[in-house]
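Throughout, protein chains are lettered first and strands after them, A, B, ... in sequence-line order, and every chain is numbered starting at 1. Just the heavy atoms: all of them, side chains too, but no hydrogens, waters or symmetry mates, feed the values below. These figures come from a predicted structure and were not determined experimentally.
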Amino acid sequence: MRIGYPCLNRSLPCTAGSTFRLKSFSRERLEASVAANLACLEAILDYNLARGFLYFRISSDLVPFASHPVCDVDWHQTFNADFRAIGRRMRVGGMRIAMHPDQFTLLNSPTPDIRKRSVAELDYHAQVLDAMELASDAKIQIHIGGVYGQRSEALARFIEGYQGLSEPVRRRLVIENDDRQYCLREALDLHARCGVPVLFDVLHDQILPSGFSISEALRRTEATWARKDGLPLMDYSQQRTGGRVGAHAEHLRPAPFRRFLDDSQGFDFDLMLEIKDKERSAALALKCAHNDPRLIVKRHLLHDATQ
DNA sequence: CCTGGTCAAGTCTCG
DNA sequence: CGAGACTTGACCAGG
């Protein structure tokens with residue numbers, strides 16, 4: 001088990017996903033942003049490796065507007081050496097990496113143009129992970145998409161879209177149960193029909209319940225991951241008290257987290273903590289898990305991680 | 001400088 | 001039928 005947090009580090013004075021307005025797009029502007037984002041990503045990786053956070057989600061804004069028609073810049077080529085160096089550091093450090101395109105990426109939209117733009121966006125995400133020369137355990141996670149008034153047709157369109165994806169995308173794509181439209185059962189059904197691995201999101205499953213216990217959900221999702229996919233990925237969050245249903249908590253509450261660690265014994269996975277305070281909760285989670293036999297971390301780092 | 005309105009994109013729900 | 005949520009920060013225009 002590795003533990004991590006998504007995209008942003010609040011302790012460092014930089015972000016690895018800084019962007020700009022579309023109307024100020026230029027080659028110079030793009031290259032300046034990518035250079036700054038890659039430098040910050042390196043700083044975050046150093047920070048994470050020093051503290052034992054071995055799972056990280058890279059911001060989709062690493063290369064702003066990469067899949068937009070306005071972007072004719074060959075960033076892949078220009079920053080090739082930087083991507084390779086960062087990827088090497090990730091591999092040497094034993095880090096697990098994922099990306100999560102946002103809600104505009106919809107493989108199952110009835111609108112062909114939206115599907116086409118979504119495929120372009122997925123191609124971009126795969127290009128980033130490929131440029132880092134990461135193995136097929138570096139994943140791209142998306143939700144199944146919209147319902148459009150016809151669940152069965154929407155699911156069929158997802159399968160069609162999935163099967164039409166390029167190999168570089170398909171080897172990395174996984175689907176996540178969401179909290180509004182498609183619960184874990186439907187994600188598992190999709191796996192049975194097209195083979196896409198299923199990423200289990202604990203909070204979403206509480207809001208839109210599959211009815212499975214934690215261990216039953218883990219048993220079923222684990223079976224959707226092949227050896228080449230690596231350890232199953234999981235999203236863990238907690239409901240913000242007094243917030244909208246599904247709103248992520250500001251800080252990790254240790255008691256429910258410890259209960260989750262107990263409930264999930266016997267299963268191994270890499271765990272993404274979607275908590276607003278980011279690395280602070282990741283540190284607390286490491287502390288909660290410090291006696292857990294599943295945890296992959298250099299033990300001498302545990303002390304630092306809790307300071 | 002500082003502030004706050006606004007930002008590529010889609011879909012669903014609610015008033 | 002239009003606005004807001006999703007999730008969220010930070011860009012950047014204008015004072």
Check: Under 6.0 Å between the ring centres of A/Tyr5 and A/Tyr55?
Finding: no
Notebook entry, point to check: Which of these nucleotides, B/dT11, B/dT13, B/dG10, is closest to any side-chain atom of A/Arg117?
Noted result: B/dG10
Note to self: Nearest heavy atom decides the nucleotide; on that basis, is A/Arg10 or A/Lys23 closer to the 5' end of DNA chain C?
What the structure shows: A/Arg10
Margin query: Heavy atoms from C-beta onward define the side chain here; which of C/dG9, B/dA8, B/dG10 lies closest to that of A/Ser67?
Written below: B/dA8
Note to self: Any strand counts, and the cut-off is 3.5 Å on both contacts for Watson-Crick or G-U wobble. Which nucleotide pairs with C/dT7?
What the structure shows: none
Next item on the list: Would you please classify the geometry between the A/Phe83 ring and the A/Trp75 ring as parallel, tilted or perpendicular, with 30° and 60° separating the classes?
Entry: tilted
Checklist line | Interatomic distance at P, C/dA5 relative to B/dG5, whole Å | finding: 15 Å
Next item on the list: Please state the C1' separation for the pair C/dT8 and B/dG4 - nearest whole angstrom.
Entry: 15 Å
Item checked: Between P of C/dT7 and CG of A/Leu8, the distance in whole Å -> 14 Å
Check: Can you tell me how far P of C/dT8 sits from NE2 of A/His100, to the nearest Å?
Finding: 10 Å
Notebook entry, point to check: Contact class for A/Ser109 vs. all strands (heavy atom < 4.0 Å): base, sugar-phosphate, or nothing?
Noted result: sugar-phosphate
Next item on the list: Please determine, for the side chain of A/Arg180, which listed nucleotide (C/dC12, B/dT13, B/dA9) has the closest atom?
Entry: B/dT13
Note to self: What is the separation between atom CG on A/Asp179 and atom P on C/dA5, rounded to the nearest whole Å?
What the structure shows: 15 Å
Notebook entry, point to check: Nearest to the side chain of A/Leu106, which nucleotide is it out of B/dT11, B/dT13, C/dT8?
Noted result: B/dT11
Note to self: Side chain of A/His248 only, heavy atoms from C-beta on: which candidate in B/dA8, C/dT8, C/dC12 is closest?
What the structure shows: C/dT8
Next item on the list: For B/dT11 versus C/dG9, give the span between their P atoms, rounded off to a whole number of Å.
Entry: 26 Å
Check: Can you tell me how far C1' in B/dT6 sits from the matching atom in C/dG4, rounded to whole Å?
Finding: 15 Å
Next item on the list: Kindly confirm whether the side-chain ring of A/Phe104 is stacked on the base of B/dG10, judged by centres under 5.5 Å and planes under 30°.
Entry: no
Notebook entry, point to check: Tell me: CG of A/Asp102 to P of C/dT8, nearest whole Å?
Noted result: 12 Å
Note to self: Taking any heavy-atom pair under 4.0 Å as a contact, classify A/Val147: base, sugar-phosphate, or nothing.
What the structure shows: sugar-phosphate
Notebook entry, point to check: Has A/Ser24 got a side-chain N or O lying under 4.0 Å from the OP1 or OP2 atom of C/dC12?
Noted result: yes
Next item on the list: Could you label the plane-to-plane angle of the A/Phe65 and A/Phe20 rings as parallel, tilted or perpendicular, counting under 30° as parallel and over 60° as perpendicular?
Entry: tilted
Notebook entry, point to check: Does A/Arg51 count as lying over the ring of A/Tyr47, i.e. NZ or CZ under 6.0 Å from the six-ring centre, within 45 degrees of the axis?
Noted result: yes
Next item on the list: Would you indicate, yes or no, if C/dC12 has its OP1 or OP2 atom less than 4.0 angstrom from a side-chain nitrogen or oxygen of A/Arg29?
Entry: yes
Next item on the list: Supply the members, apart from A/Phe104, of the Ile/Leu/Val/Met/Phe/Trp/Tyr cluster built from side-chain contacts under 4.5 Å; use none for a lone residue.
Entry: none
Check: Which part of the nucleic acid, if any, lies within reach of A/Ser118 when heavy atoms closer than 4.0 Å are counted: base, sugar-phosphate only, or nothing?
Finding: nothing
Item checked: Atom P, compared across C/dA3 and B/dC7: separation rounded to whole Å -> 14 Å
Check: Base, sugar-phosphate, or nothing for A/Phe65, non-hydrogen atoms under 4.0 angstrom?
Finding: base
Check: Side-chain N or O of A/Thr19 less than 4.0 angstrom from OP1 or OP2 on C/dG9?
Finding: no
Notebook entry, point to check: Which nucleotide, B/dA9, C/dC12, B/dG10, lies nearest any side-chain atom of A/Ile114?
Noted result: B/dG10
Checklist line | Smallest separation among heavy atoms of A/Ala131 and A/His76, with atom names | finding: CB-NE2, 3.9 Å
Checklist line | Nucleotide paired to B/dA8 in any strand shown, Watson-Crick or G-U, under 3.5 Å | finding: none
Next item on the list: Take atom P in B/dA8 and the same atom in C/dG2, then report the distance between them in whole Å.
Entry: 22 Å
